[in-house]
Amino acid sequence: MTEPTIIGLLISALFTENFVLVKFLGCCPFLGVSKKIDTAIGMGMAVTFVMAIASMFTYLANEFLLIPLNLEYLQTILFILIIAALVQFVEMVIKKTMPALYSSLGIYLPLITTNCAVLGVALLNVQNSYNLLFSILYGTFAALGFTLAIVLFAGIREQINEKDVPESFHGFPIALITAGLMAIAFMGFSGFSI
Amino acid sequence: MKKQSILANGILFENPTFVQLLGMCPTLAVTTTLQNGFGMGLSATAVLIMSNILVSALRKIIPDKVRIAAYVVIIATFVTIVQMVLQAFVPSLYASLGIFIPLIVVNCIILARAEAFASKNSVGKSALDGLGMGLGFTAALCVISTVREIIGQGTIWGISVVAAPLEPIAIIGMPPGGFIALGIIIATINAIVKKRGGNK
């Protein structure tokens, strides 16, 4: 992608290059927090929120701090610090101002620090040399792609729980195979050239 | 705990990938070929040993409230070192692992061991635990990547092993195959463990 358009970015982040199913970023919460649709939606919203803000701050830090000082090799350390601080900050703000939202999102927030999709999107923004607007958009769209995948997956898992699955496949293995089949379905989108 | 049992715990009984189901992203993403899986395993092992040693050495100094942040900084430092070493000495591996090298920082295995083991045990034991868990992770990646490389590309370590009439099944080497192969491997291990348990 040399000169991405906003629509192209949206479609590729949602479908053709879905973060979870194609790029394998954010698999831990995808597999861990997807037993119920409600929790999956909560997690998806929290991730979207953090990824959009994190994309902005890591872009600014990279552009105005690391590049002028020639310290690009500190990217990983600085980005993860920004993300950890941001998650903590968001948690405090939500707790103070929106207690209702906090009670539904609160438990997912600490988990997001170690969600590799967040650090992944920050690093990909730099790799693709997106500008500020595209960094934020990419962060948001990628997180929406994550939400789409995790909500669909949770829906399927709720159904599987009631089915008769071979004993050795109980729980995690059948979830992985389900995810694999979903990934095949998402490969169907890869023919689109944007 | 005895030293041998710390090692054996990491490699077998509490294998981070197959038993604890941690660190799924790199497990699924880099296991397309044995070389990649092995390289990723060793890189993570190096980070795991070094971060366990430092976390354990500093366990009485780090205040409890900021411990997670401190662990993350320690881990990120070692990941950056490993990243530079790989870039300098094995550029081909560096290129094929790509973004998943910096993402070792958020590999939950490493943070989990810092929190669950290194922050409570001596430096020597923590180093052993890091080695055991790291080798367990490496072994798991090697198993998965061998299966995927043979089925997906018909090769092991780049050497062709599948004879002419058999065609490799390309999808196993692609993203969906990662999920499916890992699911079947874990189910197989479950079945074996169950059978062994039943025979006792």
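Every chain is numbered from 1 and lettered A, B, ... according to where its sequence line falls, protein lines coming before strand lines. These values consider heavy atoms only, across backbone and side chains, with no hydrogens, waters or symmetry-generated copies.
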Roughly how far, to the nearest 0.5 Å, is the [atom2] atom of [Y] from the [atom1] atom of [X]?
| X | Y | atom1 | atom2 | result |
| --- | --- | --- | --- | --- |
| A/K23 | B/L28 | NZ | CG | 15.5 Å |
| B/I186 | A/I174 | CD1 | CD1 | 12.5 Å |
| A/L21 | B/F179 | CG | CZ | 5.5 Å |

Ring pair (Phe, Tyr, Trp, His ring centres under 6.0 Å) contacts in which one or both residues fall within residues 55-91 of chain A, not counting sequence neighbours: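 For residues 55-91 of chain A: none.
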Residue pairs fulfilling ring pair (Phe, Tyr, Trp, His ring centres under 6.0 Å) with at least one residue in residues 161-186 of chain A, sequence neighbours excluded: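 Matches after skipping sequence neighbours: A/F186-A/F189.
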[X] versus chain A, heavy atoms under 4.5 Å apart: side chain, backbone, both or neither?
| X | answer |
| --- | --- |
| B/T77 | both |
| B/L111 | side chain |
| B/I171 | side chain |

Largest heavy-atom contact set with chain B, pairs under 4.5 Å, which of A/G120, A/P166, A/A175, A/A185: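 The option with the most such pairs is A/G120.
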Top contributor to chain B contacts, counting heavy-atom pairs under 4.5 Å, from A/T76, A/I77, A/L119: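 Among A/T76, A/I77, A/L119, the one with the most close pairs to chain B is A/I77.
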Would you say [X] and [Y] are hydrophobically clustered, going by side-chain heavy atoms of ILVMFWY under 4.5 Å?
| X | Y | result |
| --- | --- | --- |
| A/I67 | A/F134 | no |
| B/I81 | B/I101 | yes |
| A/I82 | B/V66 | no |
| A/L123 | A/V121 | yes |
| A/L176 | B/M174 | yes |

Which portion of [X] sits near chain B, non-hydrogen atoms under 4.5 angstrom:
| X | value |
| --- | --- |
| A/L81 | side chain |
| A/L124 | both |
| A/A84 | neither |
| A/I177 | both |

Leading residue by heavy atom contact count with chain A [cutoff under 4.5 Å; candidates [options]]:
| options | value |
| --- | --- |
| B/C108, B/A191, B/G23 | B/A191 |
| B/A76, B/G177, B/P176 | B/P176 |
| B/P26, B/A181, B/P175 | B/P175 |

More than 12 heavy atoms of other residues, nucleotides or ligands under 6.0 Å from [atom1] of [X]: is that the case?
| X | atom1 | answer |
| --- | --- | --- |
| A/K96 | NZ | no |
| B/F38 | CZ | no |
| A/E167 | CD | no |

Chain B neighbours within residues 144-160 of chain A, where any heavy atom lies under 4.5 Å away: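 When heavy atoms of chain B are the reference, residues 144-160 of chain A contributes no residue within the under-4.5 Å range.
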Please report the closest heavy-atom contact between [X] and [Y], naming both atoms and the distance.
| X | Y | value |
| --- | --- | --- |
| B/V106 | A/C116 | CG2-CB, 3.3 Å |
| A/S168 | B/A187 | CB-O, 3.4 Å |
| A/F24 | B/C25 | O-CB, 3.5 Å |
| A/P173 | B/N190 | CG-ND2, 3.9 Å |

Set of salt bridge (charged side-chain N to carboxylate O under 4.0 Å, His left out) partners for B/R113, sequence neighbours left out: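 For B/R113 the salt bridge (charged side-chain N to carboxylate O under 4.0 Å, His left out) partners, ignoring immediate neighbours, are B/D129.
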